[in-house]
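Since this is a predicted model, take the numbers as computed values, not measurements.
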Amino acid sequence: MKLYIILAAFIVFAFFSNDFGLVDIQKTAVILAAGVDKDGDTFTLSTQIAVPQGSTSGGAATSTVTVDAKGSTVSECISKIFSETGWVPKLVFCDLVILGEQAAKDNAIACFDFFLRNEYMPDSAQIAVCEGTAKELLTSTSAMDDSPTQAIQKLLTQSAQSSGKVMANTLKQFAISYYGVSASGYAPYLRTTEQESSTPGGGSAGDAGGSAGSSEGTGAPEKKAVVYNAEQTALFTKGKMTGLLEREETFAFSLTKGKVFAGTFTAEEKGKPVSVSILENKGGVSLDTKNNPKAELKVGLKLRLFNRGVPAPVNDIAEVTMSDELLENAETVIRSYLDRLVVACKKADCDLFQLKTQLYRSSLSRYEEWKDLVPNAIDTTIRTNVEKIK
C-alpha cells in the first residue's frame, strides 16, 4: 500500500510539474491568415495575428496585427517573425493562405510548400490569389468586419459557394490537383473596392497594428475602407497562374460541379431583363475515349422566376413559373457561359476538369497516346437541360 501511495504521489508530481511542450499563450502568435509575396528569389510572408487585449468592461477582447518578414524561404520568414517579435508563430488556427499575383504567376506550389509540410497547418485551410500583393490586402481596412481575414473568409463559406458566384478551394485539394497527372488547379481571385463614405468595422489590420519594420508613422494618411470580391477565379497549370475566369465563367464552372442551389442569373423576356433563381443543379464533366478523346459538359437546372427589372401588373407579382420564351433565353445564357468557360480553359492551357486524370485512370496506353491533346486539341460538347418548376 505504501508503494502504491509513493507511486501515485510521484505520478501526480510529474504530471503537474511538466508543461508538455506547451507555449505560454502570452508568448504565442496565433496566426489567423498568411499572405505570401515573391520578388525574384525573395519571399515576403505577411501574417495576421490575433492579439489578446484587456477590455474596459472587465472581459477579454481580441484585435489583429499584421507582421511581415522577408527570407529565401517561407520557413525563414517564420523564423524572423519569431526573432524580431519574441512571439512563437502557431499555424494551428490558420485557415486562410493568400498569394500575391506575382507569387502565383511565379509558382504557387513553392509558396505553399512550407504549409504543406507543417504538421500543424490545417489541410482544410482556404487558399486564394489577390490582385497586387498579399501584404497590401492583409493590411487593408475592411468596411464591414474587424479584420480583412474575417471579411474574406465570409466570401468563401459554403453559403457563398452555393450561390455559384465563388469557387473556393483548399490547400489539400490544390496540392492533389498539382501533383496529379492533370497538373492543373484553381483558386478564387480577390479584388478590393474602396468605399468613399463608410466607417471601418473596428480593429482591422490597418488600425490595430503595423508590419514589422514598417516606416509608417502616426502622420500617415488614413486608409480608405474597402470591400472584397471573389467572383473571379485564377487558373493554374503546373503550379503557375496562367489565366483568369470572369464572373460568368466562374458561375458556369460552379454549375458543372452541381453545387449551385441558391444562385441567380439574368435573362430576357420580351427584351426586358428578368432574374431567375436556381432551385436544383446537376452537373458533370466526362471524357469519351472510344475513338478520339472528346469531352462532354452536362448541366441540368430547374428554375423559377425571381425578379423582373421592369414594373409588372399586380397579378404577376406572385408568379414564379417562367414563360417558354424566358426559359429558352435562360438556357441560351447558360450555354454562352459554358462556351466561354471552355475557351478560357483552352487559352490558359488548364485542364480544369481533370480530363487527363480520367484518361489516365481509364487506360494507360491511351493516356500515353493522347495526353498531349488534352485539353486544347479535343472537341468539347455542351449539353444543357433547363426546366421550369411546375
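Side-chain N or O atoms of T266 include none that pairs as donor or acceptor with a backbone N or O of P273 at under 3.5 Å. No side-chain donor-acceptor contact under 3.5 Å links R304 to the backbone of L279. Between the side chain of K165 and the backbone N or O of T264 there is at least one donor-acceptor pair closer than 3.5 Å. The backbone N or O of S72 lies less than 3.5 Å from a partner atom in the side chain of E76, making a donor-acceptor pair.
A continuous path of hydrophobic side-chain contacts links L359 to L364 [ILVMFWY only; heavy atoms under 4.5 Å]. Placement of F306 and L327 in two distinct hydrophobic clusters is found when ILVMFWY residues are connected by side-chain heavy-atom separations under 4.5 Å, directly or transitively. Both V333 and I382 are members of a single hydrophobic cluster when ILVMFWY side chains are connected at heavy-atom separations under 4.5 Å. By the criterion of side-chain heavy atoms lying less than 4.5 angstrom apart, applied directly or through intervening Ile, Leu, Val, Met, Phe, Trp or Tyr residues, F43 is grouped together with I81 in one hydrophobic cluster.
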Stepwise side-chain contact (heavy atoms from CB on, under 4.5 Å) check, L156 with Q153 = CA-CA 5 Å; L156 307 179; Q153 286 178 328; 5.8 Å; no
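Counting only N and O atoms by type, the side chains of T170 and S124 include no donor and acceptor under 3.5 Å apart. Side-chain contact, T250 with E231: no donor N or O sits under 3.5 Å from an acceptor N or O. Inspection of the Q358 and S286 side chains reveals no N or O donor paired with an N or O acceptor under 3.5 Å. Between the side chains of T242 and T237, at least one donor N or O sits under 3.5 Å from an acceptor N or O. At a cut-off of 3.5 Å, with distance as the only test, a side-chain donor of S182 or T357 sits close to an acceptor on the other residue.
Applying the ring-ring contact (aromatic ring centres under 6.0 Å, His included) definition to pairs two or more places apart or across chains, those involving residues 167-195 are F112-F174, F174-F236, Y186-F253.
Here Y337 pairs with nothing under the ring-ring contact (aromatic ring centres under 6.0 Å, His included) rule; sequence neighbours left out.
Within 6.0 Å of atom NZ in K346, more than 12 heavy atoms from other residues, nucleotides or ligands are found, so the atom counts as buried in its surroundings. Shown here is D316, whose CG atom has more than 12 heavy atoms of other residues, nucleotides or ligands within 6.0 Å.
Summarising the geometry, atom CG belonging to D379 is positioned 10.5 Å from atom CG belonging to L373; distances are rounded to the nearest 0.5 Å.
Results of the side chain to side chain donor-acceptor pair (under 3.5 Å) test with Q232 over R247, E249, R191 single out R191 as the only residue that passes.
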